[in-house]
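Counting convention: from 1, in listed order, for ligands and their atoms alike. Because the structure is a prediction, the values reported are computed rather than measured.
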Amino acid sequence: MRQKMLLLISVMIVLSMFMAACGNSGSEKPATTGDPAPTAQEPEKKEETKAPEGKKSVEIFSWWTGAGEEAGLLGLIDLFNQKHPDIEVINAAVAGGAGTNAKAVLASRMQGGDPPGTFQVHGGAELNTGWVAAGKMEGLNDLFESEGWMDKFPKDLIDMVSDGGTIYSVPVNIHRGNVIFYNKKIFDDNGLTPPTSFEEFVTVADALKAKGITPLALGDKEPWTATMVFENVLLGVLGPEDYKKLFTGEIAFDDAKVKDSLEKTKKMFSYINDDHAARNWQDASQLVANGQAAMNIMGDWAKGYFTTDLKLQPNVDFGWIATPNTANSFMVITDTFGLPKGVKDPDTVKEWLKVLGSVEGQDVFNPLKGSIPARVDADASKYDVYGQSTIEDFKKSSLAASLAHGSAASEGFLTQANQVMTIFVTNGDVEQAAKSLRDAQVSSGMAQ
Ligand code: GAL
């Protein structure tokens with residue numbers, strides 16, 4: 001019922017989204033200066049090429065356009081074209097970080113009985129309480145069996161894309177969400193050590209501020225980036241076990257530990273760039289790349305942006321460290337693709353899924369995207385020092401599901417949490433934020 005209402009609301013907002021998406025053909029690349037690029041955040045519906053009459057085609061729906069986002073997808077499409085010259089790939093990507101615009105377009109298409117061949121969806125709640133619960137997805141156990149995949153993906157990841165024993169999508173990657181990327185030169189020149197705790201963060205940030213350097217870059221033109229800072233603070237304060245309990249309702253969102261997390265988040269927000277609301281995530285990461293800010297809390301698609309697009313060297317131009325108190329935890333964001341019910345040619349879609357689930361496919365996609373492979377048997381030598389250390393971290397960390405990227409809670413709760421964070425960045429009202437989050441926890445059915 002909740003899902004139906006959500007879909008209905010999505011359909012209502014989608015028309016305006018869709019018109020905005022169609023009406024803008026500006027470049028997605030941020031400017032090379034530190035100024036926010038005026039067109040970088042605008043929604044953009046990519047040109048869709050129609051397959052010639054009679055030729056098979058597969059339509060791939062995602063939000064991977066522009067800097068830091070699309071190189072991996074294009075690499076995967078190239079590989080697919082080599083293997084299947086007879087199948088046309090239709091790249092139906094809709095710009096907007098974390099699916100800000102794409103999710104609404106997708107909802108409208110799914111509701112209207114016009115599903116794309118396959119679409120980007122996060123493992124966890126976004127898939128399971130969303131499209132699976134709505135009865136819109138085909139099971140893929142046969143594909144996993146026939147491709148020999150059952151023991152090639154970590155069990156935790158298979159669980160994130162399964163419901164009641166049925167597997168519903170194929171993970172292409174694992175992104176880590178609890179990372180501080182920092183400008184190495186700024187830290188070295190100022191004799192600073194990257195912070196591991198909240199106390200150290202404040203000490204380092206104060207030292208940077210005293211030197212006139214912006215300590216923390218934020219680009220919350222799309223509010224999910226602020227939600228990411230908050231979820232990482234929650235993880236650091238509560239630890240991975242209690243963090244999970246927020247989403248099972250065992251811990252209330254107005255609990256003292258949540259309020260403490262909000263206080264700490266507020267403190268961190270006191271160190272951000274003034275123009276944060278005008279920037280998207282690339283524009284904020286760029287401040288660190290350019291030496292205009294020292295740190296950025298972002299998923300490691302920022303690492304893909306640094307190395308693939310900006311040609312920066314890991315451990316030379318930029319460094320990384322887990323967000324305060326989360327060194328032993330891994331905030332998981334897995335991008336997956338499934339098979340919607342009612343597509344014209346499911347076998348062709350499965351050919352695409354086979355390529356993105358193969359070792360070869362994962363090792364083409366992930367080094368460009370900044371993520372690590374979802375498969376346990378990928379070739380680690382294809383990854384740089386960041387990728388290799390993240391592959392190791394994943395094996396020994398406690399896993400946590402990202403709220404900001406739809407894995408921890410329903411889309412309904414996430415929408416409200418993003419609204420709360422938008423207000424909180426500006427007014428810093430801890431009591432109000434905790435109350436609104438608790439209300440959302442109750443109204444979205446997540447409270448016990
Ligand atoms: C996430 C997605 C990543 C990356 C990021 C920024 O939701 O999982 O692959 O695209 O958004 O748009």
* Structure fact -> Nearest heavy atom to atom 2 (C) of ligand 1, choosing from Thr334, Asp335, Thr100, belongs to Asp335

* Report yes if Ile333 has an N/O atom closer than 3.5 Å to an N/O atom of ligand 1; otherwise report no. => no

* Asked: Should the pair Lys83-Glu360 be classified as a salt bridge under the 4.0 Å nitrogen-to-oxygen rule?
  -> yes

* To do: Please identify which atoms of ligand 1 are closer than 4.0 Å to at least one heavy atom of Trp281.
  => 6 (C), 12 (O)

* **From Leu216 atom CG to His276 atom NE2, the distance as rounded to the nearest 0.5 Å** => 11.0 Å

* Could you grab the distance from atom CD1 of Ile297 to atom OG1 of Thr323, nearest 0.5 Å is fine? => 6.5 Å

* To do: Would you mind listing which atoms of ligand 1 come within a distance below 4.0 Å of any non-hydrogen atom of His122?
  => 1 (C), 2 (C), 7 (O), 8 (O)

* Structure fact -> Here the atoms of ligand 1 under 4.0 Å from any heavy atom belonging to His175 are 3 (C), 9 (O)

* Min N/O separation Trp301 to ligand 1 under 3.5 Å -> no

* Passes ring-ring contact (aromatic ring centres under 6.0 Å, His included), Phe413 versus Phe253? Steps please. -> CA-CA 12 Å; Phe413 179 78; Phe253 257 98; 5.2 Å; yes

* Atoms of ligand 1, numbered as shown, that sit under 4.0 Å from any heavy atom of Lys369 -> 3 (C), 4 (C), 9 (O), 10 (O)

* Decide salt bridge (Lys or Arg N to Asp or Glu O under 4.0 Å) for Lys350 and Glu138; before the verdict, give the C-alpha distance in whole Å, the side-chain angles of both, and the deciding distance to 0.1 Å. => CA-CA 11 Å; Lys350 283 186 184 166; Glu138 298 284 0; over 6 Å; no

* Asked: Does a donor on one side chain sit under 3.5 Å from an acceptor on the other, for Thr227 and Asn418?
  -> yes

* Can a cation-pi geometry be assigned to Lys303 and Tyr386, taking NZ or CZ under 6.0 Å from the six-membered ring centre and within 45° of the ring axis? -> no

* Structure fact -> re atom 12 (O) of ligand 1, the protein heavy-atom contact at minimum distance is Glu69 OE2, 2.4 Å

* Asked: Under 3.5 Å between some N or O of ligand 1 and some N or O of His405?
  -> yes

* Going by the order shown, which atoms of ligand 1 are within less than 4.0 Å of some heavy atom of Gly97? -> 12 (O)

